[in-house]
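These notes concern the structure reproduced below.
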Amino acid sequence: MAEAHDLKVIGTRPVRPDGVEKVTGRANFGADLYLPGMIHGKVLRSPYAHARIKSVDVSGALAMEGVLAAVSRSDFPEETDDLGQNVIARDKVLYHGHAVAAVAASTPLLAEQALDAIKVDYDVLEPVLSIDQAIADGATLVNEQMHTNGDASQPASNIAAITKFERGDAEKGFAEADVVVEGEFRVPMAHQGYIEPHACTATINEEGKITVWCSTQGHFDVRTQTAAILGTSISKIKVIASEIGGGFGGKLSVYLEPLAVKLSELSNRPVRMVMNREEVFRATGPTSATWCKAKVGAKKDGTITAATAWLSYEAGAFPGAPVGPGCMSVLAPYDLENFSIEGLDVLVNKPKVAAYRAPGAPQAMHAMECVIDDLARELGMDPIDLRLKNAADEGTQAPYGPKFPAIGLKACLEAAKAHPNYTAPVPEGCGRGVACGFWFNIGMQSSAEVLIREDGTVIINEGSPDIGGSRASMCLMAAETLGIPYDRINAHVADTESTGYCNMTGGSRTTFATGMAVVQACEDIIAQCKERAAMTWDIDADQVDWDDGQAVPKPGVNADVDPLSLADIAKTWGRTGGPILGRASVNAQGAGAGFSVNWTDLAVDRETGKVDVKAYTAIQDAGRAIHPAYVEGQMQGGAAQGLGWALNEEYIYDDNGVMENAGFLDYRVPVASDLPMIDTQIVEVPNPTHPYGVRGVGETPITAPLAATSNAVRDALGFRVSELPMSPPRLLEAIDSQEG
Amino acid sequence: MYRFNYHKPDGMDAAQQLMADAEDGVYLSGGMTLIPTLKARLASPTDVIDLSGLALSGIELADDSLTIGALTLHSEVAAGNEISSLSNLALAIGDAQVRNRGTIGGSIANSDPGADYPAAVMALGATINTTAGAIDADDFFQGLFETALEPGAIVTSVTFPVPGRAAYEKFPNPASRYAVVGVMVAETNGDIRVGVTGAGPCAYRQRNFEQALADNFSVAALDGLEVDYAEFNSDIHASAEYRGHLVGVMARRAVAQIT
Ligand SMILES: Cc1cc2nc3c(=O)[nH]c(=O)nc-3n(C[C@H](O)[C@H](O)[C@H](O)COP(=O)(O)OP(=O)(O)OC[C@H]3O[C@@H](n4cnc5c(N)ncnc54)[C@H](O)[C@@H]3O)c2cc1C
């Protein structure tokens, strides 16, 4: 692997290729495609959180002038999976806002009016609205066919699955402990809060070929999911990923696309569908509300002897809460002999949860990192020293099985201890809270093609929708590998028919895995260029070196020739075998785990309960920061989202399961004026499996802020508040009840 | 949004005539409240009468009073004038986009329970000038989105006496920045008034605070005073009780600013 000091381009901070288009408003997002003859689709959504559908009759809508198509469950194959049932309700509606029918009409307004003409007959059922309700004896069942872990010998249950990780003997470990602390915590359901709502346009040509243009984190997944829900072949569908205005995990599943395709098929017109913000809140995936219990025991010197966690997560209306990743993450920062972790995936009548940045980790780590903080307090130890004492390191067996290769947790903790924001005393009237963050990161499949133009400039085609500046990172890695300037390279997110298969942009995999494919494709180019040079010079290819963007004879090779750049080689490629293109595909293994340490200083206004965040510092191991500004941006963005979730964000439901704050005027994300400068420090412990040492960096940043904030509030108030968000009324109530 | 007829008259009489002729007309100023309401289909007027062509903008000082034209933007009031507490109040409204469109006339005519200006109207003893005559602050706000404005009348300006001292403190909603509770305390020619917004259905004066401050203008004078929150707003952001508590806290902080 290249050493940092050898790198010329990686680690610099050029302007991203998509930046100007975005800030000037020219970039084309999901709702920006206009096609001749295009009509507009709208979705009829359930007014109930739980009801049996007796009948759906769309004929009234179809009778309206200007309405060109209407669909309901009967227009889709009966055999379908959870995703299909989420896209269009079948026997039951399972949450308020669940799609029941859709229409397409000549204008969006007309489409909306046509929804009123659709008749749906419901048998209203009692909704299940919390984990407590869902797991109580005799609870109403969200899904009558659901048995825990598929065990049909047991009665049906709202608990879809129970996951367990165990090592050693936790009971024995607690018995050996000098101090045992425990706590119980609740974290509310929260939305990713991406600015761009879901949007797509679908069209079908005369041969039945479907084209979908949409805002997504994974256009290949849109293809797979849409084909499955429609009962058609993926070969019939091409998906083009538009620019994307944020996703954070929320744009990995389809909601509108199969409906738009069906409406297009029936109307023989292009159909555009765009959600409004209210629909985004009511009907797309938030992350789980959770109820977690955590317990740790330690010796007086701080050595942790045992830990347990019980994590229960709301999945929404279908199984699939991110409780597995919660279990993987909850104790990942620690080297432990004895632990047990149990996770529950619980159905409730709320929207099907979707991934949200390190899905499942923030909630679980909030519980454990709060308890670790309490342990430090009990032991009278500095919270970073306690963590250093027990920190996972290279060779530590992760709670979920494998041994960690080189990881940067200790480096982050050491950097935190030495950081001026940590050595500075806690400001007067403030509390300080520390927490560790972790995300395992993933690799998976990516492809890349690198094409050379006749002038020697370079095109990269790859399949990872760019949600965080990945095109800039691809260009940087290609520039470094090829030895040419960054501005001679363009990267494109190619559609599903113009590049090799690629998994979604998720799991912080893009710079790691797609980056690996791009680097290998550039190496393919270099190998071919060496051959072309060898042919030109009439020597062997293994007598040619690639040095600083040029083919040169190896030292000692007797050839009196000028070096050949990409442009030189392109100029004569007609004589050496034709145009040059490189390609590579990977199923990348060994995505290095990402660790972080965050702390914040904040003040609590004891008269109003309002928290004022004064300072926030995030330190994270990036393996190697390809574009440091974008790594810092990820760290700051994660901190901002985490602070919002800790302090104000939550879905508020009424007793009928209707969300009461489905808009940004009532759902309280932080804005710039709510936040302090978020200081960042990148630590680089290179990931040995990536050619430049990259680890995923996008998700780790949101895993520590919840606990760091809770711990700072604990420090400021002198007692713990264990339910998030720590909104002003909730904190004031806690303060009042503490003061009696 | 439903269909409606749009008009942009260039005179006050024309505007009122259009309103009189409309089946169900509504005036439009900055649109920061009205347009979202239309978009959400919470209102379906037949006619929208845009007032932006009227010459109702500007701030004038005369006889120790500041008269602010109804179409004056929040950002223009925030830019500074003889009543610094009023510019501070305007600067804390919403965000820059809202302040660059929203108008004082629209805010006052609308009587949103969480709007900021009404606290100043009450505390400064302002006069609301309308095409149907002037209305005293104490008579203007009548309930949730209800005012003493005559049907079809236009707010033309608001006259604020320049106070000896005044301060505004608000507890903003973390999302919209509307006042969960906002309190302005003012002393004008020896008269002390405390205007409260956000807490109840509309802005009102906290009379027991005024009396206590008249006897002894100090933070301590407000200690232990009751705020009757029985009729206060209770919503997903704050309970009536929490709002009642904030009235005391915000009032004490406002007093602290000017003692
Ligand atoms: C995101 C957001 C945040 C906001 N935050 C705040 C805040 O923190 N504090 C705050 O006080 N406000 C806030 N507002 C409201 C904002 O200040 C509005 O500008 C104000 O409430 C209405 O003023 P307008 O000029 O936009 O009126 P419009 O929306 O045009 O009209 C509002 C109503 O008043 C009537 N009307 C308008 N002008 C007149 C007139 N001259 N005579 C008679 N009737 C008239 C209209 O018919 C309509 O019914 C916020 C708004 C938004 C969208």
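A note on names: the letters A, B, ... follow the listed sequences, proteins ahead of strands, and every chain is numbered from 1. The basis for the numbers below is simple: all heavy atoms, side chains too, and nothing from hydrogens, waters or symmetry mates.
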Exercise for the section: Verify the neighbour count for atom CG of B:D215: are there more than 12 heavy atoms of other residues, nucleotides or ligands below 6.0 Å? Expected result: yes
Problem - B:M250 and A:T608, any side-chain heavy atoms less than 4.5 Å apart - result: yes
Completion exercise
Greatest number of non-hydrogen atom pairs under 4.5 angstrom with chain A, of B:P174, B:S239, B:S176, falls to B:P174
Problem - Options A:N661, A:N276, A:L732, ranked by heavy-atom pairs under 4.5 Å with chain B, top entry - result: A:L732
Fill in the blank from the handout: One should read off an interatomic distance between A:R668 CZ and B:N173 CG, to the nearest 0.5 angstrom, of 7.0 Å
Exercise for the section: To the nearest 0.5 angstrom, please state how far the CZ atom of B:R253 sits from the CD atom of A:E607. Expected result: 4.5 Å
Practice task
Count the heavy atoms belonging to other residues, nucleotides or ligands that lie under 6.0 Å from CZ of B:R101, then report whether that count exceeds 12.
Solution key: no
Handout entry: Whether over 12 other heavy atoms sit under 6.0 Å from B:K39 NZ
Key = no
Exercise for the section: List the atom of A:P729, the atom of B:A238, and the distance in Å for their closest heavy-atom pair. Expected result: CG-CA, 4.5 Å
Handout entry: Other residues, nucleotides, ligands: >12 heavy atoms within 6.0 Å of B:R3 CZ
Key = no
Fill in the blank from the handout: When the 4.5 angstrom heavy-atom criterion is applied to B:R243 and chain A, the contacting part is neither
Problem - Contacting region of B:H237 [heavy-atom separation from chain A under 4.5 Å] - result: both
Problem - Which atoms of B:I236 approach chain A - backbone, side chain, both or neither, heavy atom under 4.5 Å - result: both
Handout entry: Interface moiety of A:D605 toward chain B, non-hydrogen atoms closer than 4.5 Å
Key = side chain
Handout entry: Side chain / backbone / both / neither for A:I652 at chain B, heavy atoms under 4.5 Å
Key = side chain
Handout entry: Residue part contacting chain B, namely of A:S727, when any heavy atom lies under 4.5 Å
Key = neither
Practice task
Can you see which heavy atom on B:A175 is nearest to which on A:D666, and at what distance?
Solution key: CB-N, 4.2 Å
Problem - Side chain, backbone, both or neither of B:D95 within contact of chain A (heavy atoms, under 4.5 Å) - result: neither
Handout entry: A:E112 versus chain B, the contacting section by heavy-atom distance below 4.5 Å
Key = side chain
Practice task
Mind checking the CG-OH spacing from A:L109 to B:Y2? Nearest 0.5 Å is all I need.
Solution key: 8.5 Å
Problem - A:P670, part contacting chain B, at a heavy-atom distance under 4.5 Å - result: neither
